[in-house]
Amino acid sequence: MKALAVFPASREVRLIEQPEPVIAGPTEVKLRILEAGICGTDREITSFQYGTPPLNSPHLVIGHEALGEVIDVGIGVTGLARGDLAVLTVRRPCPHDTCAPCRKGRQDFCITGDFTERGIKGAHGFMTEFVVDDERYIVKVPKELREVAVLLEPLTVGEKAAEQARFLTQRLPGDLKDDPSQLNAVVLGAGPIGLLGAMKLVNGGFKTWVYSLDKADSPNVKIVSAIGARFVSSAEHPPADLAKIIGNISLVYEATGAAKISLDVLSVLSVNGVFIFTGVPGGRAPIEVDAEQIMRNLVLKNQVLCGTVNAGRASFEEGVQDLGSFMQRFPAAVRALITARMTLDDARDAVLSRGGIKSVIKVA
Ligand SMILES: [Zn+2]
Ligand SMILES: [Zn+2]
């Protein structure tokens, strides 16, 4: 079967032939991959900044955002059947008995760092024709979501952020944790992760704002308006203006990976505010920030800064519910997130090029 792989030692990215995987255990499931999404992580892997092949393999098959159809199941599989649509989670647990998160199925909180991630770290990914995995890493998707379910993995970034924010707001008394309609939430960045996060916030009842560099007439900003969120241009308004435009900012969902602008927005976070980071900065030159002011605000305003990586199975399940709800409320906006569909033969060019919001490889 065909697969798109990177060879880090020789710095090559190419389509390869791989043996088709077979079911080897009773709880394993075989999927025919229907679609696989491309994201910034894939672009980092194919530019050799990131990505680790499995042990004893010179190459890594990339792809970690996939929708598949179940074509075979092991005899012990109970939750999936042939013909079901399903998405795969990404991170697999480390082997250590001492890692409580991994032993509890929350490898997104792994403490040893010895986890693997399909298509990213130590395990082949999903930009290929067939995949086999254990049923506990596979989440069923209703047939009605076929055309957009490839967006589930990027949505889980927002789902886990929401899980963290819910937990962090439990510390607050009364209305502040009960009535999101009185709270302003700001999304930093209008890429797929930001826009899906904005949909989650709108759907959750927050007054939602998206702050990004995009032009007001860009397709990304059209999606912001279509879902009932409001746009503020970071090209026109510096972070210091944000609180004047918006009012109290109770929650920030960062989806840019840009440290400077994010920390500048932190300076206008409200009393009791929660700021969730999801982006990974590129490691450019050090930036200057007013650490005194950041620390003073964190203390005097009871603020919380929280980072989140990857997502657990519950975030995928909640994502399935939310994506269904988004498709009821603003189907055209959800569809508009996918701006290109290419074949596996064109996957290399698709990953190496840029543009659009979300490009998807149609495998089957
Ligand atoms: Zn991704
Ligand atoms: Zn672990």
Side-chain angles (χ1 to χ4, degrees), residues 4 6 33 35-47 49-52 60-68 87-128 131 134 136-137 139 148-161 189-197 200 253-257 277-282 308-313 315-316 319 323 337-342 347 350-354 356-361 363:
L4 184 65
V6 291
I33 298 298
E35 293 191 325
I38 296 171
C39 78
T41 301
D42 299 311
R43 297 203 166 96
E44 282 166 18
I45 295 171
T46 52
S47 55
Q49 302 167 42
Y50 207 71
T52 314
L60 169 74
V61 174
I62 66 163
H64 56 274
E65 305 179 358
L67 168 69
V87 292
L88 294 114
T89 65
V90 180
R91 192 177 280 192
R92 304 292 173 263
C94 76
H96 308 291
D97 290 339
T98 49
C99 183
C102 283
R103 302 292 69 80
K104 289 178 177 159
R106 285 307 302 260
Q107 47 270 21
D108 52 320
F109 286 106
C110 176
I111 55 175
T112 70
D114 290 338
F115 56 83
T116 58
E117 286 173 338
R118 296 208 60 166
I120 302 172
K121 178 179 180 282
H124 288 313
F126 309 139
M127 220 166 271
T128 185
V131 166
D134 195 278
R136 84 186 105 147
Y137 307 127
V139 177
V148 291
V150 71
L151 297 170
L152 268 162
E153 196 281 335
L155 172 59
T156 60
V157 178
E159 296 291 351
K160 182 171 170 191
I193 304 273
L195 291 170
L196 285 160
K200 167 88 183 163
Y253 175 64
E254 178 278 323
T256 62
F277 285 101
T278 75
V280 181
T308 156
V309 68
N310 205 264
R313 187 183 170 96
S315 292
F316 278 79
L323 196 60
L337 290 169
I338 299 174
T339 42
R341 278 189 163 92
M342 277 89 100
V351 175
L352 296 179
S353 64
R354 285 185 160 270
I357 301 175
K358 172 64 78 183
S359 296
V360 166
I361 302 303
V363 181

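As the structure lists them, so they are numbered: ligands from 1, and atoms in each ligand from 1.
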How about Phe109: does its CZ atom have over 12 heavy atoms from other parts shown lying under 6.0 Å from it?
->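 Correct, the count exceeds 12.
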So what does the Cys102 SG - the Zn ion (ligand 2) - Cys110 SG angle come to, to 10°?
->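 If I round to 10°, I get 100°.
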Is there side-chain contact between Leu151 and Ile338, with at least one heavy-atom pair below 4.5 Å?
->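 Yes, at least one pair of side-chain atoms sits under 4.5 Å.
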Any N/O/S of His96 under 2.8 Å from the Zn ion (ligand 2)?
->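 It does not: His96 brings no N, O or S atom closer than 2.8 Å to the Zn ion (ligand 2).
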So which N/O/S atom does His64 have closest to the Zn ion (ligand 1)?
->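 Of all N, O or S atoms belonging to His64, NE2 is the one nearest the Zn ion (ligand 1).
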Opening angle at the Zn ion (ligand 1) [SG, Cys39; OE2, Glu65; to 10 degrees] |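 Centred on the Zn ion (ligand 1), the SG/OE2 angle is 100° (to 10°).
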When you measure from the centre of the six-membered ring of Phe115, is the NZ or CZ of Arg92 under 6.0 Å away and within 45° of the axis?
->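 Checked: cation-pi criterion not met.
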Between Glu254 (side chain) and Gly279 (backbone), is there a donor-acceptor pair under 3.5 Å?
->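 Yes: the side chain of Glu254 pairs with the backbone of Gly279.
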